[in-house]
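In what follows, a single structure is set out as structure tokens and then discussed.
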Amino acid sequence: MNILVINAGSSSLKYQLFDMITESVLAKGKVERIGMETAMLSHEPAGRSEFREVSEIWDHTTAIRKVLRVLIDPKEGVLTSMEDVHAVGHRVVHGGESFSGSVLVDERVKAEIRRLFDLAPLHNPGALTGILAVEANLPHVPQVVVFDTAFHQTMPPVAFRYAIPNVFYKKHGVRRYGFHGTSHQYVSQRAAELSGKPIETMKLITCHIGNGASVTAIKHGQSVDTSMGMTPLEGLMMGTRSGDIDPAIVPFAMDKEDLSVNEVNSMLNKHSGLFAVSGGLGDMREVLEAMKEGDRNARLAFDMYEYRLRKYIGAYAAAMNGFDTLIFTAGVGENSALLREVICSQLSYLGLTLDTEANERKGGGDRKISSPDSKVDVWVIPTNEELVIARDTFREAARIRGLSDEEAGAVTC
Ligand code: ADP
């Protein structure tokens with residue numbers, strides 16, 4: 001069975017086509033600048049060179065049509081006909097309290113995603129447009145949505161409620177939801193698999209540290225707390241997001257600098273974090289480079305970033321009465337040996353010891369970086385959110401056909 005995974009934003013759309021027999025990627029790519037004359041399709045068939053095309057693409061329906069056409073193109077394509085796309089999976093950022101797992105798209109699901117626009121105004125509209133665009137191009141193909149928030153729906157009220165008047169929760173859904181759920185779920189399950197331990201017996205802390213960053217406490221396979229909140233702004237210091245601040249700073253800044261709601265939102269989401277403290281470097285690689293050259297602001301930005309992450313790890317150790325596995329993933333987590341080393345060197349009170357050589361070894365792939373006698377296992381596990389979406393879509397598509405996973409693998413290819 002072939003599954004097309006779509007991650008649609010307001011003006012861009014990324015895709016990956018999976019063959020689920022081997023769980024391999026047949027092709028991947030993206031369409032950028034949707035809505036402009038200079039929209040660009042970049043398409044990469046597995047093992048072949050990238051194909052690029054600039055053209056007018058006014059909406060998501062046209063963008064999806066372009067993607068489907070290139071997938072069946074005799075020269076650049078990997079399929080013989082559109083009928084070879086058996087199901088489509090979508091990443092949707094916000095599922096609110098309505099979705100605790102992946103679901104098949106129907107009218108009710110679309111209406112619910114629309115209802116949640118208020119909670120994710122920058123993300124959910126793009127995702128719904130992507131769903132409607134697939135529907136317009138492939139009306140008979142089942143579609144499944146996978147929510148960034150779903151994995152965290154197991155958090156108890158003690159972790160998800162804010163200590164503000166009830167009306168905000170009851171009337172407006174103001175509570176902590178958490179994000180990056182597919183990533184936290186994937187790396188925790190992968191660590192259990194690699195350790196050969198049942199996840200139901202484990203206590204894990206997963207650090208998804210990319211441009212956006214969050215930490216999750218996972219007890220016996222369930223998310224019990226996570227650092228992002230009602231929006232992906234809460235928690236860790238990030239590339240350009242502030243993370244936790246005293247909420248009183250918001251009215252203070254609005255008053256002193258005469259900022260509007262949009263301006264204060266933009267200040268906290270786009271002009272804060274590493275970018276603000278380092279003096280203009282929002283990308284960790286640039287911060288590390290500047291630090292090497294002795295830049296003191298870059299050093300402070302890195303130190304704050306590391307310190308805040310370490311504090312969250314300590315908090316989640318307390319939340320779960322200890323933990324046995326620490327995982328680093330995403331751009332910074334997978335690549336910065338320095339960040340991992342500094343964090344782990346300060347967790348020695350937990351009996352955690354790092355295998356310095358393993359930590360510094362270059363090259364991707366899942367790897368254990370703690371020493372054999374460490375009381376906490378530390379892993380670097382590259383995240384693979386698209387694969388989780390493809391697996392969930394495959395499972396739902398097989399279910400509606402009344403097939404077991406095995407039969408579904410054998411049936412269509
Ligand atoms: P996104 O949240 O956009 O998916 P990524 O997971 O791709 O982000 O992470 C991007 C971050 O990873 C950037 O801050 C980038 O500098 C950082 N990064 C990528 N490679 C390295 C590296 N070799 N060393 C340190 N940081 C890195």
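Whatever order the structure lists ligands and atoms in, that order sets their numbers, starting from 1.
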Considering only NZ, NE, NH1 and NH2 on the basic side and carboxylate oxygens on the acidic side, decide whether [X] and [Y] come within less than 4.0 Å.
{"X": "Arg391", "Y": "Glu23", "value": "yes"}
{"X": "Arg308", "Y": "Glu306", "value": "no"}
{"X": "Glu386", "Y": "Arg91", "value": "no"}

What atoms in ligand 1 come closer than 4.0 Å to a heavy atom of [X]?
{"X": "Met284", "result": "14 (O), 16 (O), 26 (N)"}
{"X": "Leu288", "result": "25 (C)"}
{"X": "Gly212", "result": "2 (O)"}
{"X": "Asp283", "result": "13 (C), 14 (O), 15 (C), 16 (O)"}

Inset, instruction - Check whether any N or O atom of Arg285, backbone or side chain, sits under 3.5 Å from an N or O atom of ligand 1, and answer yes or no. - result: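 Yes; the residue has a nitrogen or oxygen that sits under 3.5 Å from a nitrogen or oxygen of the ligand.
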
Legend entry - Backbone or side-chain N or O of Ile209 under 3.5 Å from ligand 1 N or O: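 It does not: no N or O of Ile209 is found under 3.5 Å from an N or O of ligand 1.
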
Legend entry - Over 12 foreign heavy atoms within 6.0 Å of NZ, Lys311: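 Open.
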
Inset, instruction - Answer yes or no: are there more than 12 heavy-atom neighbours, outside Glu53 itself, under 6.0 Å from its atom CD? - result: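 Yes, enclosed.
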
Legend entry - Closest protein heavy atom (residue, atom, distance) for atom 2 (O) of ligand 1: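 Here the nearest protein heavy atom works out to Asn211 N, 3.1 Å.
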
